[in-house]
Amino acid sequence: MTFDDVRKFALTWPEVEDGTSYGTPALKVRKKMLARLKEDGDSLVMPDVPVDERAMLVESQPKIFYFTDHYADYPIVLIRLSKAKRAIVESRRRWRALASKAARADYDARVSA
């Protein structure tokens, strides 16, 4: 998987748009970061992952999930895109937290139709 792959499916969700963050490509919802490409070009920075959940992800799948000392105190997990499958990356939880109520309702109606 690559960031372009992530981009393609995420841009189908309402209110998602291209952006940048810390000089790297990012996906944003209503100007807030959904995810961004880390400077290494292979890792996805995923915010809003509680530290206890991150610990479980890293422990259970260390080839895919990790974090650096820089992110140790933040609710962020890093995902190695070259090792990840779409199902792992495609979590809509963060999108649902950032999207408007109307966008979520529109998306849910389209998906369930």
Side-chain angles (χ1 to χ4, degrees):
M1 173 150 284
T2 67
F3 187 77
D4 282 339
D5 297 327
V6 174
R7 229 181 125 264
K8 284 177 191 168
F9 67 72
L11 287 173
T12 67
W13 303 340
E15 301 181 334
V16 174
E17 59 188 22
D18 280 314
T20 59
S21 180
Y22 297 99
T24 64
L27 296 164
K28 296 185 176 189
V29 177
R30 298 168 58 193
K31 298 187 172 45
K32 296 192 180 200
M33 188 173 68
L34 176 65
R36 78 171 181 91
L37 184 65
K38 194 170 181 317
E39 295 78 3
D40 66 8
D42 182 49
S43 299
L44 192 64
V45 179
M46 292 292 294
D48 203 25
V49 177
V51 174
D52 58 337
E53 182 179 340
R54 176 182 70 190
M56 185 267 314
L57 291 168
V58 170
E59 185 177 319
S60 66
Q61 298 179 74
K63 291 182 179 179
I64 298 171
F65 297 102
Y66 73 105
F67 65 97
T68 62
D69 288 344
H70 176 76
Y71 295 110
D73 295 330
Y74 300 97
I76 291 173
V77 72
L78 302 172
I79 301 173
R80 287 185 186 90
L81 290 171
S82 60
K83 306 279 185 200
K85 301 280 188 238
R86 179 176 172 161
I88 286 174
V89 179
E90 197 175 10
S91 170
R92 289 179 196 86
R93 181 177 64 189
R94 173 86 174 147
W95 170 77
R96 292 187 78 79
L98 298 175
S100 67
K101 185 177 181 179
R104 291 190 311 266
D106 176 62
Y107 179 80
D108 292 344
R110 282 189 293 133
V111 170
S112 64

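The first residue of the sequence shown is numbered 1, and numbering continues consecutively from there.
Here the CD atom belonging to Glu90 is positioned 14.5 Å from the NZ atom belonging to Lys85, to the nearest 0.5 angstrom. Taken from CZ in Arg54 to CZ in Phe65, the straight-line distance is 12.5 Å, to the nearest 0.5 Å.
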Requested in this report: Would you please test Trp95 and Leu27 for side chain to side chain contact (heavy atoms under 4.5 Å, CB included) and show each step?
Outcome: CA-CA 10 Å; Trp95 170 77; Leu27 296 164; over 6 Å; no
Requested in this report: Could you give me the CA-CA distance, side-chain angles and deciding distance for Leu34 and Met46, then say whether side chain to side chain contact (heavy atoms under 4.5 Å, CB included) is met?
Outcome: CA-CA 7 Å; Leu34 176 65; Met46 292 292 294; over 6 Å; no
Query raised in the report: Where do Arg86 and Val6 land on the side chain to side chain contact (heavy atoms under 4.5 Å, CB included) test, with the steps shown first?
Result: CA-CA 8 Å; Arg86 179 176 172 161; Val6 174; over 6 Å; no
**Report entry** Worked verdict on Leu81 versus Thr2 for side chain to side chain contact (heavy atoms under 4.5 Å, CB included)
**Finding:** CA-CA 6 Å; Leu81 290 171; Thr2 67; 5.7 Å; no
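The side-chain hydrogen bond (donor to acceptor under 3.5 Å, both in side chains) pairs that include a residue from residues 100-113 are Glu15-Ser100, Arg92-Tyr107, Arg96-Asp108, where partners are two or more places apart or lie in different chains. The salt bridge (Lys or Arg N to Asp or Glu O under 4.0 Å) pairs that include a residue from residues 19-35 number zero, where partners must be two or more places apart or lie in different chains.
Applying the side chain to side chain contact (heavy atoms under 4.5 Å, CB included) criterion to Asp40, with sequence neighbours excluded, gives Lys38, Asp42, Ser43, Tyr66. Applying the salt bridge (charged side-chain N to carboxylate O under 4.0 Å, His left out) criterion to Asp48, with sequence neighbours excluded, gives Arg94. Not counting sequence neighbours, Asp5 has no partner by the salt bridge (charged side-chain N to carboxylate O under 4.0 Å, His left out) test. Partners of Glu17 by side chain to side chain donor-acceptor pair (under 3.5 Å), not counting sequence neighbours: none found.
Each of Val51 and Leu44 belongs to its own hydrophobic cluster when Ile, Leu, Val, Met, Phe, Trp and Tyr are linked at side-chain heavy-atom distances under 4.5 angstrom.
The heavy-atom pair separating Val89 from Ala84 by the smallest distance is CG2-CB, 3.8 Å.
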Going by atom type alone, with no hydrogens or angles, which donor-acceptor pairs under 3.5 Å involve a side-chain atom of residues 73-80 and a protein atom two or more places apart or on another chain?
from  : atom 1 : to    : atom 2 : distance (Å)
Arg80 : NH1    : Pro62 : O      : 2.9
Arg80 : NH1    : Lys63 : O      : 3.3

Could you go through residues 19-26 and list every donor-acceptor pair under 3.5 Å that involves a side-chain atom there, pairing it with any protein atom two or more places apart or in another chain?
from  : atom 1 : to    : atom 2 : distance (Å)
Thr24 : OG1    : Ser21 : O      : 2.9
Thr24 : OG1    : Arg36 : NH1    : 3.0
Thr24 : OG1    : Leu37 : O      : 2.6

